[in-house]
Amino acid sequence: MLMENTLPILLSRLDFAWITSMHILWTPLTIGVSWILFGLEVAWLRTKDERWYRLNRFFEKIFIINFGAGVATGVTMEMAFGILYGPFSQAVGPFFGNILGFETITAFMYEAGFIGLMIFGWNKIGKGMHLFATFNVAFASSLSAYWILVANGWMQTPDGVVLKDGLFQVTNWWSAIFNESNDWGFPHMWVATMILGFFVLAGTSAWFILRNRHADLFVKMLKPAILALLIITPIQIWLGDSLGVDVAHSEPTSLAAMEGHYHTYLPDGKPNTAWNLISIPNANNDGSLFSIQIPHVLSLLETHTWNGVVPGLDQFPAKDRPNVWVPFYSFRIMVAIGFFLFFMALWGTSLIIRGKLTVEGLRQRPWFLRAMVFGAFLPYLAVWTGWWTREVGRQPWVVFNIMRTYEGVSHMGLGQEIAWFTGYGIFELTVWAGAWYFFSRVIRKGPDLESPLPGAPEQDVASDEHAGGGMVTPTFAKPAVGKHL
């Protein structure tokens, strides 16, 4: 245990946690927005409404900046595997080498090839081919995420391998790839990317409406985003519940930490079914100093019965228990955000049903717009806390029940750890600051309403007599929300 708690090992873990947390800021939005861009392009081609095209081109700029930041931080994370977790990287090479190779091919060949056509292909390739390129960017980004979740899911439930001569040798590729943890883990993460994408676009649209800029145009984006969120936010809640049941079966120590569930049975011998709303773990990580509990809820959540037995941390050796603080509270933050986002979708849908989600209607409801702007940041926090729950809940194992974290860490000196931590910190913050600088420039400039549509005759550029042909001053672009917002 002393070896597991040395300062250099703690710094390695914190360093890698920092790197992955910064990387995961970018990749989910890339996935979610890529599918939304595909939808906007389909809507433009089907309806010939140029507003869908203008929205597509505007949000495409945000996508490009986000994609670049994701690539930069992703390369850094690949480096960190070998630098910070050398023994782990060597041991999992027979499996990870293939899986991360598939991910690299998907991201840097498949996705990157089509992203060039998507970004630079306007007016250079046919509309059908451009739509095909956009679809492949979206599909490739999702496939890339799938391979990452395969690798991470395998760390939670390492199926289809044996540890022999210091290497994880694959005995069944099917079991290793389609591991138990990934059955619910990937759908849960993929839907999270869509929620993030729709909320970022909805929040951006709400900001423009609040600022009295192109209100009619961005209301056009707000309506389908809210309706999509009405469908996918409850699906995410269901997926999260299903994933929790799976974790209770495959990683009971992680589930117990997420719920602050220390004691399997009560003093009278009955199953402890209480769910902790709030809990303060004690210093020994074997009980709570204070908690607020709701009877039977834990059993209902994890076993779907009134008095089911849910294994507590007392069923496992102290050395195999994760720290409770992080997974307990990060899990609750993620769940609370999920329900709040569902509430926002219900609020927006009620405005649509009552015919109030219009420029004039929103003029009287600035708090809804402010809530949508605020809601654009919450899915990021949900993704963060969900990832922390998953990773910290697996501790003290880097490969659950097979390789402990201290065995996989590169045992560098304290000075080396501090140097790497500082270097990675500066790099990640530089990428973050640069991305937000370019985001702010795109937002300040706003959508391009003057360039001609793809395929429009050149003479249409300066004429307002042709509907949709790149009008200089489109009627939908006129501000309509009062300055008092």
Side-chain angles (χ1 to χ4, degrees), residues 18-38 40-41 53-78 107-108 111-123 130 133-134 137-138 140-141 144-145 193-194 196-214 217-218 221 225 372-381 383-384 423-451 477:
W18 165 258
I19 293 166
T20 54
S21 295
M22 292 302 290
H23 178 58
I24 210 171
L25 279 173
W26 313 109
T27 50
L29 187 65
T30 295
I31 299 166
V33 172
S34 63
W35 284 109
I36 297 172
L37 291 177
F38 174 71
L40 291 173
E41 193 167 347
Y53 171 77
R54 302 298 178 189
L55 289 165
N56 186 312
R57 296 305 304 273
F58 173 72
F59 288 116
E60 184 184 68
K61 297 174 184 177
I62 293 177
F63 170 84
I64 294 167
I65 298 168
N66 190 86
F67 178 82
V71 170
T73 55
V75 171
T76 306
M77 189 170 68
E78 296 284 353
F108 289 96
E111 183 180 5
F114 278 103
I115 205 171
L117 289 176
M118 187 185 84
I119 296 171
F120 302 109
W122 297 103
N123 287 313
H130 191 277
T134 305
V137 169
S141 64
S144 176
T193 69
M194 297 305 300
L196 174 61
F198 276 115
F199 261 106
V200 166
L201 268 59
T204 304
S205 299
W207 185 87
F208 272 96
I209 299 169
L210 274 170
R211 301 288 292 181
N212 194 30
R213 297 178 59 192
H214 317 296
L217 176 63
F218 284 101
M221 181 74 246
M372 289 302 298
V373 173
F374 176 67
F377 296 95
L378 290 181
Y380 283 107
L381 183 56
V383 169
W384 256 3
Y424 281 130
I426 293 172
F427 176 80
E428 301 288 349
L429 288 175
T430 300
V431 173
W432 183 85
W436 275 101
Y437 168 75
F438 287 110
F439 282 147
S440 64
R441 289 191 60 179
V442 169
I443 296 296
R444 283 198 302 268
K445 185 177 180 180
D448 176 12
L449 304 177
E450 299 184 357
S451 62

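The chain is numbered in sequence order, starting from 1.
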Enquirer: Work out which heavy atom in V33 is nearest to a heavy atom in G197; give both atom names and the distance.
Expert: CG2-CA, 4.1 Å
Enquirer: List the steps, then state whether side-chain contact (heavy atoms from CB on, under 4.5 Å) holds for Y424 with T76.
Expert: CA-CA 8 Å; Y424 281 130; T76 306; 3.2 Å; yes
Enquirer: Test L29 against V200 for side-chain contact (heavy atoms from CB on, under 4.5 Å), laying out the working first.
Expert: CA-CA 8 Å; L29 187 65; V200 166; 3.8 Å; yes
Enquirer: Search all heavy atoms of S34 against all heavy atoms of T134 and return the closest pair with its distance.
Expert: O-CG2, 4.4 Å
Enquirer: Which heavy atom of T73 sits nearest to which heavy atom of E428, and what is that distance?
Expert: CG2-OE1, 3.0 Å
Enquirer: Look up atom OG1 in T204 and atom CE in M372, then write down how far apart they are to the nearest 0.5 Å.
Expert: 10.0 Å
Enquirer: When rounded to the nearest 0.5 angstrom, what distance separates CD in E41 from CH2 in W122?
Expert: 4.0 Å
Enquirer: Measuring from atom NZ of K61 to atom CG of N66, what distance do you get when rounded to the nearest 0.5 angstrom?
Expert: 16.0 Å
Enquirer: Answer yes or no: are there more than 12 heavy-atom neighbours, outside W432 itself, under 6.0 Å from its atom CH2?
Expert: no
Enquirer: Could you check if a side-chain atom of V373 sits within less than 4.5 angstrom of a side-chain atom of L210, using non-hydrogen atoms only?
Expert: yes
Enquirer: Between F199 and G375, which heavy-atom pair has the shortest distance, and what is it?
Expert: CD2-O, 3.7 Å
Enquirer: Determine the minimum heavy-atom distance between L25 and P28, stating which atoms define it.
Expert: C-CD, 4.3 Å
Enquirer: Could you check I36, V137, N56 and say which one makes a side chain to side chain contact (heavy atoms under 4.5 Å, CB included) with F63?
Expert: V137
Enquirer: Given 3.5 Å as the limit, does a donor-acceptor pair link the side chain of T430 with the main chain of I426, or not?
Expert: yes
Enquirer: Taking atom CD1 of I62 and atom CG of L201, what is their separation to the nearest 0.5 Å?
Expert: 6.5 Å
Enquirer: State the OG-CZ distance between S205 and F59, to the nearest 0.5 angstrom.
Expert: 4.0 Å
Enquirer: Rounded to the nearest 0.5 Å, how far does CG of L40 lie from CE of M221?
Expert: 5.0 Å
Enquirer: Test R211 against I443 for side-chain contact (heavy atoms from CB on, under 4.5 Å), laying out the working first.
Expert: CA-CA 11 Å; R211 301 288 292 181; I443 296 296; over 6 Å; no
Enquirer: Closest approach of G70 and H23, non-hydrogen atoms and distance?
Expert: O-CE1, 3.1 Å
Enquirer: For the residue pair F208 and F58, categorise the inter-ring angle as parallel (less than 30°), tilted (30 to 60°) or perpendicular (more than 60°).
Expert: perpendicular
Enquirer: Is there a side-chain contact between F67 and S141 in this structure, where contact means two heavy atoms from C-beta onward sitting under 4.5 Å apart?
Expert: no
Enquirer: Without swapping roles, check the side chain of R213 against the backbone of W207 for a donor-acceptor pair under 3.5 Å.
Expert: no
Enquirer: Check the pair L429 / W18 against side-chain contact (heavy atoms from CB on, under 4.5 Å), numbers first and verdict last.
Expert: CA-CA 10 Å; L429 288 175; W18 165 258; 3.8 Å; yes
Enquirer: Closer than 3.5 angstrom, by distance alone: can the side chain of W384 be matched with the main-chain N or O of S21 as a donor-acceptor pair?
Expert: yes
